[in-house]
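On a predicted model such as this, the values are computed, not experimentally measured, just so you know. Proteins get letters first, then strands, A, B, ... in listed order; numbering begins at 1 in each.
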Amino acid sequence: MKVSPSEVSFIQKGIEHNIRTDGRSRVDYRHFSLESGEIVHSNGSARLKLSDTEVLVGVKAEITQINKENNNASGNNINVNKRLIFNVDCCPSASPEFEGKGSEFLNIELAQQLDRLYSHPNVIVGLYNTNDNTKYDPPTATTTADDNENSNNSSLTIVPNKYYWTLYIDAIVLDSDGNLFDALSIATRAALFNTRLPKIKAIQGEYEEITFEVNDDPFDTLSIDIKNVPICVTMTKIASQFVIDTTTREELCMDARLTIGVNSSSNICSIQKGGISGLDPPTINQMINTAKVVGLKILSTMDQALLDIQLLK
Amino acid sequence: MKIDYRSGNSIKTQIPLDYKEYLKRKEDKQQQQQQQQQSTQPTGAITYKRKDRLDEQFRQIFMKTGIVTQASGSCYLEIEKTKVLCSVYGPRATPKTELFETAKLNCELKYATFSSNKEKFDYLENTKEKDQSLIIYQSIIGSLRLDKYPKTVVDVYILVLNDDGDVLVSAITAASMALADAGVEMYDMVASCSAVCIKDATLINPTAQEETLTEGAGKILVSKMPSHNNITQLIQTGELNYNNVLESVNLCIDGSDKIYSIMKQNLIDSLLRQQKKDGDGNEINGITTNAADDQMEE
Amino acid sequence: MEKTIDNNDSQDIVVTPGQRLSKAVDYISLDGTYVHKGYIYSSVLGFQHIVKRNLQETKENKDENNNNNSSSEESNIKDERDFITVSKEKDPGVVPEIGSIVTVQVLRTNPRLASVAILCVGTKALKETFNGIIRIQDVRATEIDKVEIYKSFRPGDIVLAQIISLGDSRSYYLSTAKNELGVVFAQSVAGGTMIPISWNMMQCPITKTKEFRKVAKMDNSIETEQE
């Protein structure tokens with residue numbers, strides 16, 4: 001899509017006067033609808049429709065074994081502790097710009113953005129039993145002397161230092177009308193909320209080998225506590241002002257943007273700047289502050305909605 | 001099955017560069033273990049104590065421009081053991097022009113296979129390089145006057161020879177220096193600085209070891225055009241509260257300003273030195289060129 | 001552009017990109033500088049020169065001011081300000097611009113156009129060549145309909161031409177429709193350097209054969225035309 005210079009000036013002037021082309025003010029969010037549990041073959045899923053932006057996120061859980069040899073060779077193999085793996089795919093059907101190699105860099109940018117958002121080790125605070133909302137205690141390390149196991153994402157541990165859950169989070173952008181970053185982060189959070197992990201009992205065999213016993217009751221599962229999971233809010237600078245939740249058209253006339261991750265304890269979880277032109281430090285402070293307020297509002301609305309969904313089921 | 005013939009039948013050993021280094025690492029590892037045993041509560045409990053320098057102190061920086069003869073401009077940069085080489089080609093003709101009015105900037109970062117002792121050659125590595133290239137691209141594109149060079153492409157190739165932390169900062173700084181060396185017109189040079197925020201300290205210019213030991217802590221990277229007071233790139237990971245973010249951003253801004261003054265001095269020196277080499281040394285007025293100026297300790 | 005660079009100027013100081021040079025009202029920003037928020041900044045590493053205003057007032061100050069040309073154009077006629085420029089000893093990267101005189105080598109011809117490689121822009125040699133084409137209608141100014149490419153250029157010829165457009169995605173569009181533009185150097189089949197004998201003919205000194213070319217009228221006016 002392209003915008004003409006006169007369109008750009010129309011949008012810019014509107015934003016200066018605090019009224020945008022669709023009638024919103026600068027800090028108004030569009031309505032969005034969330035659905036979850038649509039994909040049967042995944043452990044968790046969510047679909048978010050934000051005006052015309054539509055993203056679908058699926059979570060697949062897999063058991064991964066910590067490879068001792070890799071781990072202690074250098075002591076700093078990061079991938080071992082990575083338990084959330086993100087992949088974003090912008091469908092060519094969403095926009096002709098995504099065709100072929102067009103979306104290659106965008107996919108990486110979006111996936112890395114999510115990766116940064118979840119870079120804090122305590123993003124997932126814990127698991128709880130889906131049925132009665134009681135906390136589920138993950139197995140803890142018995143041998144404390146073993147230094148390989150960090151506290152990182154320890155709630156996803158199955159057997160300490162040996163097996164853990166890896167969550168593959170795959171997002172597909174089905175349609176795009178701007179604000180992909182925020183949409184993806186909200187959908188990912190909802191998908192994690194929807195994720196059900198089967199209960200697994202590990203049985204130690206004779207020669208150190210481990211077999212698993214999977215509880216096949218579809219209702220006796222574990223859920224992920226998303227209390228600490230952040231979402232991101234993108235502040236886009238257009239003309240001399242900044243706006244949230246931009247449409248594609250508005251994104252085309254942006255100068256710079258700042259994507260800020262916020263969690264429910266109002267901490268900042270990631271910041272990433274995009275766009276060509278620079279920002280001055282006072283604007284950045286302002287943006288972070290606004291993002292914090294907006295983010296908390298979205299989080300509380302979202303949590304309410306997620307609870308409603310859960311009660312309906 | 002994937003077979004790595006080079007390491008398949010060899011014993012995996014890690015040869016320390018020198019004995020001192022070896023002792024240091026051993027000591028640090030012990031410290032790390034102790035800390036892990038001590039810290040039972042996970043949130044924000046990452047602590048690390050710097051021994052060899054202050055928290056807000058840079059490592060020694062060395063940079064030299066114009067060392068790749070074939071390139072339009074180049075820069076070699078060392079922050080102690082982090083070694084980065086950047087070369088700039090162009091503005092040159094491009095076989096495929098999509099952009100007409102302005103030049104296209106093409107930025108590629110590559111890690112040399114021997115740049116770190118991590119296990120290599122997995123698919124994630126490629127994504128990391130692309131992601132970091134993008135960050136560098138976004139950092140420097142705002143500083144260039146690409147409208148001056150229609151229908152051309154400016155290629156920036158960065159090679160990481162040795163990774164001892166703060167690679168992005170080194171790469172951005174080197175790229176900006178190389179572009180200035182190439183004579184590409186720009187609004188300002190981009191200086192960059194990063195920091196790790198741990199429990200009760202902010203460590204500027206972290207080493208690879210500090211980066212891994214504080215895995216999961218808050219990290220901030222700022223790049224900036226100092227003479228316009230313009231932030232061109234800002235990246236933060238990990239969980240931090242609002243005040244912490246502002247504090248560390250300000251620290252990084254100060255850090256970039258320091259780097260900027262080193263860059264500036266270095267360019268002036270290199271130009272004067274080059275002129276001196278070209279023949280008449282009598283044109284140098286006022287500024288003394290001294291190799292010691294290249295290394296500056298903050 | 002007519003200008004005199006005073007090399008003995010004592011104000012030659014080294015400046016780095018982004019360095020503030022002066023207020024925008026004091027000087028006119030030229031090559032290697034730009035205007036931002038009322039100040040002139042350097043955009044390259046090099047020496048700062050103050051260029052004294054020449055008596056000749058005809059030249060518009062070029063497009064350097066395009067970021068911020070609030071006052072420069074209207075006040076240009078009675079502008080008394082000196083120029084400020086930053087240049088480096090090392091050759092800066094030049095790219096062909098519309099209007100610049102370039103030296104090209106003919107690569108191949110077909111009945112509609114001649115494909116060329118741009119070797120020099122003005123007096124500066126390029127590190128890498130750019131592609132260009134001379135279309136049949138741009139070969140000469142008169143009798144455009146009677147032009148035949150193979151009677152104007154042959155592969156290998158060195159031609160002076162002017163850039164008329166940034167062209168399509170692949171090549172610049174060039175023109176030789178001026179007397180002083182055209183073939184300046186050509187070799188015959190026998191390998192001799194041909195001598196121009198008329199505006200459309202060259203002769204081989206070895207075999208005395210005559211070949212058609214769009215010959216450039218060589219005189220010293222070309223050197224001063226370019227930057």
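- Proximity to chain A is limited to the side chain of B:L246, based on heavy atoms less than 4.5 angstrom apart.
- Note: B:I231 leads B:V222, B:I135, B:I231 in heavy-atom pairs under 4.5 Å with chain A.
- Contacts between A:I260 and chain B at a heavy-atom distance below 4.5 Å are absent for every atom of the residue.
- For the options A:L117, A:I268, A:I276, A:I288, heavy-atom pairs under 4.5 Å to chain B are most numerous at A:I268.
- For B:L221, no part lies under 4.5 angstrom from a heavy atom of chain A.
- Among the candidates B:L234, B:T237, B:N241, the residue making the largest number of heavy-atom pairs closer than 4.5 Å to chain A is B:L234.
- Looking at A:N289, the atoms closer than 4.5 Å to chain B (heavy atoms on both sides) sit in the backbone and in the side chain alike.
- At a 4.5 Å heavy-atom cutoff, B:I220 makes no contact with chain A through either its backbone or its side chain.
- Counting only heavy atoms from C-beta outward, the side chains of B:K224 and B:Y260 never approach each other to under 4.5 Å.
- In this structure, a donor-acceptor pair under 3.5 Å is present between the side chains of B:S227 and B:D188.
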Listed pairs under 3.5 Å, donor-acceptor, residues 230-242 of chain A side chains, sequence neighbours left out:
| unit_1 | atom_1 | unit_2 | atom_2 | d |
| --- | --- | --- | --- | --- |
| A:T234 | OG1 | A:D182 | OD1 | 2.6 |
| A:T234 | OG1 | A:T259 | OG1 | 3.4 |
| A:S240 | OG | A:E16 | OE1 | 3.1 |
| A:S240 | OG | A:E16 | OE2 | 3.0 |

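- Looking only at distances, a side-chain donor or acceptor of B:N162 sits under 3.5 Å from a matching main-chain atom of B:K81.
- Counting heavy-atom pairs under 4.5 Å between each of B:V249, B:I235, B:V245, B:I253 and chain A puts B:I235 at the top.
- The greatest number of non-hydrogen atom pairs below 4.5 Å with chain A, out of B:N229, B:N250, B:I140, is found for B:N229.
- In this structure, A:D280 contributes its side chain and A:P282 its backbone to no donor-acceptor pair below 3.5 Å.
- With hydrogens and angles disregarded, a donor-acceptor distance shorter than 3.5 Å links the side chain of A:E251 to the backbone of A:N179.
- Scanning for ring-ring contact (aromatic ring centres under 6.0 Å, His included) contacts around A:F86 gives A:Y118, with sequence neighbours left out.
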